[in-house]
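Let me begin by presenting the structure, written as structure tokens, before commenting on it.
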Amino acid sequence: MKNHADVIIIGGGIIGCAAAYYIRKKGYSVIVLEGSPHIGNGGSSRNGGGVRQSGRDPRELPLAMYAIKHLWPALSDELEVDCEYHQDGNLRLGKTQKHLEILEGLTKRAAACGLDVKMIDGDEVRRINPYLSEEVIGASWCPTDGHANPLTTTLGYYKMARRLGVHFITEARVTALKKIKGKLCQVITQDDVYEADTVILAAGLDSREIAATAGIDIPMQPAMLEALVTEAQPHMFDQMLGTAEADFYGHQTKHGSFVFGGSSGLEGFTKDNHTPVTSSMTAPCICRGIIKYFPVLRDAKIVRTWAGWMDLCADKVPVISPVEEVPGLILACGFSGHGFGISPAVGLILSQMVSGEETALDMTALRYDRFKAKDLKA
């Protein structure tokens, strides 16, 4: 019976840990299978910590709005860990007329969904954050956005799920999903076979290969992002920052360091053990962009850099749904670098899918079957 549970979750990142926590709270037995030696070894420990609503696709925006309204404010108390959640707003910056046009489009779409977000000019930007350069001519401003610490938040969900009785197994690399009499019942690893009534596939980029063993193709590709952290600086501001073209994003942490993410556009690569590796060219590339927005950081020293793979979905929003062709399987992947901020809401909704409840939000737009070929009428 140690290899059997009501629910098996494949993937020990923040989505898998959050789902395990909320599902176990409903009384279901849960096993989490993590292929690496470490919980949160993928994007959950390699992202910039944004908890934002602005700049999101309208299809996933409700998840962010729900999480920020109902879950993030009390999450540190609930998980008994400091998630370092700040709700001090998000400035998405522009330096050219083209940037402003991009931001205006994002702002209009978000406002149409009920989000409190607006365009502001350069002077107002610098009233909110006086450290920004004169090159910034405008921005979108969402006062309810923020940021948090991905490491402590993932740890909090993991710790509380374990306390409730969830069984986590690391170095359990899933090699196949097996149906019996048309229903998914077994998850096969390199060492063992596990059985469950419901399987949630939340293994990030590995989800595509695993799903293929059950005849399912999730259209996503790898994309590498890199990040850097500076030495501690005097406290300057608490807003989350981004840009119109997403060439960098970041914030100042509770400890004073700045965390910035971005990309050089170079092809990513990994070590022999598949750990993503940073390029020596990327941090200087990111920093050249940052200094144009933040001249005050010109002399700040970089402490370290890291890299991570995104599971970039074809339409850049996640797949969160049961799969009609494989009864018993629920997908939660393809988050395209946007997963951390919505993870509490996703975990909760996955628990509702398992229990058969009506989900807190309409998830139709994020169903797997949106990729089916459409019928063409003459």
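Below, each value reflects all heavy atoms present in this structure, side chains not excepted, and no hydrogens, waters or symmetry copies.
Note that OG of Ser140 and NE2 of His99 are 12.5 Å apart. Values are rounded to the nearest 0.5 Å. To the nearest 0.5 angstrom, Lys183 atom NZ is 14.5 Å from Lys178 atom NZ. In this structure, Ser29 OG and Ile23 CD1 are separated by 10.5 Å, a value rounded to the nearest 0.5 Å. Taken from CG in Leu361 to CD1 in Ile342, the straight-line distance is 10.5 Å, to the nearest 0.5 Å. In this structure, CG on Leu177 lies 4.0 Å from OG1 on Thr213, to the nearest 0.5 angstrom.
The shortest distance between side-chain heavy atoms of Asp145 and Met240 does not fall below 4.5 Å. A heavy-atom distance below 4.5 Å is found between the side chains of Met363 and Met353. No side-chain heavy atom of Thr305 sits under 4.5 Å from any side-chain heavy atom of Glu226. With contacts defined as side-chain heavy-atom distances shorter than 4.5 Å, the pair Leu75/Pro344 qualifies. For the pair Ile10 and Ile200, the minimum side-chain heavy-atom distance is 4.5 Å or more. Residues Val7 and Val199 fail the side-chain proximity criterion, which asks for heavy atoms closer than 4.5 Å. Contact annotation: the side chain of Pro150 never approaches that of Ser44 to less than 4.5 Å [non-hydrogen atoms, C-beta and beyond]. In this structure, the side chains of Ile169 and Ile31 come closer than 4.5 Å at one or more pairs of heavy atoms.
A continuous path of hydrophobic side-chain contacts links Met220 to Ile210 [ILVMFWY only; heavy atoms under 4.5 Å]. Hydrophobic clustering places Val354 together with Met160 (ILVMFWY residues linked when any side-chain heavy atoms are closer than 4.5 Å, directly or through intermediates). Hydrophobic clustering of Ile, Leu, Val, Met, Phe, Trp and Tyr side chains at less than 4.5 Å, counting indirect connections, unites Leu350 with Ile14.
Two rings, from Phe258 and Phe237, have their centers less than 6.0 Å apart. A distance of 6.0 Å or more separates the ring centres of Tyr293 and Tyr131. In this structure, Trp309 has its ring center at least 6.0 angstrom away from the ring center of Phe335.
More than 12 heavy atoms of other residues, nucleotides or ligands sit less than 6.0 Å from atom CD of Glu231. In the displayed structure, Lys159 atom NZ is contacted under 6.0 Å by more than 12 heavy atoms of other residues, nucleotides or ligands. No more than 12 heavy atoms of other residues, nucleotides or ligands sit less than 6.0 Å from atom CD of Glu324. Within 6.0 Å of atom NZ in Lys69, 12 or fewer heavy atoms from other residues, nucleotides or ligands are found, so the atom counts as exposed in its surroundings. Within a 6.0 Å sphere centred on CD of Gln190, heavy atoms belonging to other residues, nucleotides or ligands number more than 12. Enclosure of atom NZ in Lys118 is not indicated, since only 12 or fewer non-hydrogen atoms of other residues, nucleotides or ligands lie within 6.0 angstrom.
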With side chain to side chain contact (heavy atoms under 4.5 Å, CB included) as the criterion, how do Thr153 and Phe340 come out once you've worked through the C-alpha distance, each side chain's angles and the decisive distance to 0.1 Å? CA-CA 9 Å; Thr153 307; Phe340 174 65; 3.9 Å; yes
Carefully, step by step, assess His235 and Gln252 under the rule side-chain hydrogen bond (donor to acceptor under 3.5 Å, both in side chains). CA-CA 8 Å; His235 179 264; Gln252 188 171 23; 4.8 Å; no
Run the side chain to side chain contact (heavy atoms under 4.5 Å, CB included) test on Ile330 and Leu201 for me, step by step, so that the C-alpha distance in whole Å, both residues' side-chain angles and the decisive distance to 0.1 Å come before the verdict. CA-CA 6 Å; Ile330 298 174; Leu201 182 53; over 6 Å; no
With side chain to side chain contact (heavy atoms under 4.5 Å, CB included) as the criterion, how do Leu63 and Val346 come out once you've worked through the C-alpha distance, each side chain's angles and the decisive distance to 0.1 Å? CA-CA 7 Å; Leu63 285 165; Val346 173; 4.3 Å; yes
Would Lys316 and Asp57 satisfy salt bridge (Lys or Arg N to Asp or Glu O under 4.0 Å), going step by step from the backbone distance to the final call? CA-CA 8 Å; Lys316 298 183 180 178; Asp57 188 292; over 6 Å; no
Evaluate Glu245 against Thr243 for side-chain hydrogen bond (donor to acceptor under 3.5 Å, both in side chains), listing each step before the verdict. CA-CA 5 Å; Glu245 294 186 331; Thr243 64; over 6 Å; no
Would you sort out whether Glu34 and Arg173 count as a salt bridge (Lys or Arg N to Asp or Glu O under 4.0 Å), showing the intermediate values? CA-CA 7 Å; Glu34 166 57 38; Arg173 185 175 60 84; over 6 Å; no
Applying side chain to side chain contact (heavy atoms under 4.5 Å, CB included), run through Ile9 and Leu33 and close with a yes or a no. CA-CA 6 Å; Ile9 299 172; Leu33 302 176; over 6 Å; no
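Comment: Glu135 engages Lys95 in a salt bridge, judged by a side-chain N to carboxylate O separation of less than 4.0 angstrom. With salt bridges taken as basic N to acidic carboxylate O contacts below 4.0 Å, one links Glu134 and Arg126. Between Asp315 and Arg370 a salt bridge is recorded (basic side-chain N to carboxylate O distance below 4.0 Å).
In this structure, a donor-acceptor pair under 3.5 Å is present between the side chains of Tyr21 and Glu78. For the 3.5 Å distance criterion, the side chains of Arg162 and Tyr158 qualify, holding a donor opposite an acceptor. For the residue pair Asn149/Asp82, the side-chain donor-acceptor check at 3.5 Å is not satisfied. Counted by atom type alone, Asp88 and Gln239 present zero donor-acceptor pairs between their side chains at under 3.5 Å. At a cut-off of 3.5 Å, with distance as the only test, no side-chain donor of Asp191 or Thr189 sits close to an acceptor on the other residue.
Ring orientation note: the planes of His251 and His147 are close to parallel, at an angle under 30° on the 30°/60° scale.
Under a 3.5 Å cut-off, the side chain of Trp72 and the backbone N or O of Ala148 do not form any donor-acceptor pair. Formation of a donor-acceptor pair under 3.5 Å by the Asp6 side chain with backbone atoms of Tyr28 is not found in this model. For the pair Asn90 (side chain) and Arg52 (backbone), a donor-acceptor distance under 3.5 Å is absent.
What you find for Ser207 and Ile218 is that their closest heavy atoms are O-CD1, 4.0 Å. Closest heavy-atom contact between Thr144 and Tyr85: O-OH, 4.5 Å. Here the closest non-hydrogen pair linking Val30 and Ala20 is CG1-CB, 4.1 Å. For Pro318 against Leu366, the heavy-atom pair with the smallest separation is O-CD2, 3.5 Å. The minimum heavy-atom distance linking Ala246 with Arg92 is given by the pair CB-NH2, 4.4 Å. Annotation for Ser45 and Trp306: closest pair O-NE1, 4.3 Å, computed over non-hydrogen atoms.
Put simply, the residue from Lys98, Met119, Lys108 that forms a side-chain contact (heavy atoms from CB on, under 4.5 Å) with Leu103 is Met119. Tested against Arg46, the residues Asn41, Leu225, Leu151 include a single side-chain contact (heavy atoms from CB on, under 4.5 Å) partner, Asn41.
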